[in-house]
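The structure appears right after this line, and notes come after that.
This is a predicted model, so every value here is computed, not measured.
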Amino acid sequence: EDQVTQSPEALRLQEGESSSLNCSYTVSGLRGLFWYRQDPGKGPEFLFTLYSAGEEKEKERLKATLTKKESFLHITAPKPEDSATYLCAVQAVGTASKLTFGTGTRLQVTL
Amino acid sequence: DGGITQSPKYLFRKEGQNVTLSCEQNLNHDAMYWYRQDPGQGLRLIYYSQIVNDFQKGDIAEGYSVSREKKESFPLTVTSAQKNPTAFYLCASRPQGLRTEAFFGQGTRLTVV
């Protein structure tokens, strides 16, 4: 069974204090790993897709990396507007188009 | 603007009643999904459809039903058999292809009163 574990559950940072969120996964074969951002009461917003170990993608203050067992979302010099829940999801080979999500990391960035 | 529209945003239902949540997309995506989100839990897959007139059960399909009569529409019915229906429901769609991402609607919050 595909599993996705995200840590920490919650993270509080001061503005400018860089950190990383972790997404560990267990799948029979990885087709893709997805990062989303979700604001309270809203639908998730797509951030990145990673397909193979060693791949990295960047967008503004966010950088996503992938190994064979986990992915990291690095947040550099965060701002209060980066506060949100960050969700990780995987699609396994042979699972049609099914996505399996982790429980997310709630990030709060304070002044 | 292309996107996924869920309606209504808030829905109240009495116990024992069925209710249908709407999801429409104009992105011309083949696959559509319904997820349920509860506090402190990740998104759990209810049903998904890869093509018109075909759909598959997800991990928590009991007490729910769907139809896919048109490519752009994938309504979800929460039946009286669903024991804990109060939740945040999210619809998503995805284009065909191995390396594509899913796009989400803004959700419907269902409360059973």
For [X], is the [atom1] atom crowded, meaning more than 12 foreign heavy atoms sit under 6.0 Å from it?
X	atom1	result
Arg61(A)	CZ	yes
Gln17(B)	CD	yes
Glu81(A)	CD	yes
Lys42(A)	NZ	no
Lys57(A)	NZ	yes

Over all atoms of both residues, closest heavy-atom pair of [X] and [Y]:
X	Y	result
Pro44(A)	Leu43(B)	CG-CD2, 4.3 Å
Gln38(A)	Phe88(B)	NE2-CE2, 4.0 Å
Arg94(B)	Phe34(A)	NH2-CZ, 3.5 Å

List the steps and the verdict of side-chain contact (heavy atoms from CB on, under 4.5 Å) for Phe101(A) and Arg44(B).
CA-CA 7 Å; Phe101(A) 280 82; Arg44(B) 292 185 290 167; over 6 Å; no

Run the ring-ring contact (aromatic ring centres under 6.0 Å, His included) check on Phe46(A) and Phe104(B) step by step: do they pass?
CA-CA 8 Å; Phe46(A) 171 76; Phe104(B) 284 84; over 10 Å; no

Atom pair [atom1] ([X]) and [atom2] ([Y]), whose distance is rounded to the nearest 0.5 Å:
X	Y	atom1	atom2	result
Asp59(B)	Asp2(A)	CG	CG	9.5 Å
Leu45(B)	Thr100(A)	CG	OG1	8.0 Å
Tyr48(B)	Leu99(A)	OH	CG	10.0 Å
Gln41(B)	Thr103(A)	CD	OG1	9.0 Å

State yes or no: do Leu90(B) and Val66(B) share one hydrophobic cluster built from I, L, V, M, F, W and Y residues joined by side-chain heavy-atom distances below 4.5 Å, directly or via other members?
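They do not share one cluster, since no chain of ILVMFWY contacts under 4.5 Å joins Leu90(B) to Val66(B).
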
If hydrophobic clusters are built from ILVMFWY residues whose side chains come within less than 4.5 Å, do Phe103(B) and Phe48(A) share one?
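In one cluster with Phe103(B): Phe48(A), no.
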
Under 4.5 Å from any heavy atom of chain A, what part of Ala102(B) do you find: side chain, backbone, both or neither?
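The answer is both parts of Ala102(B).
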
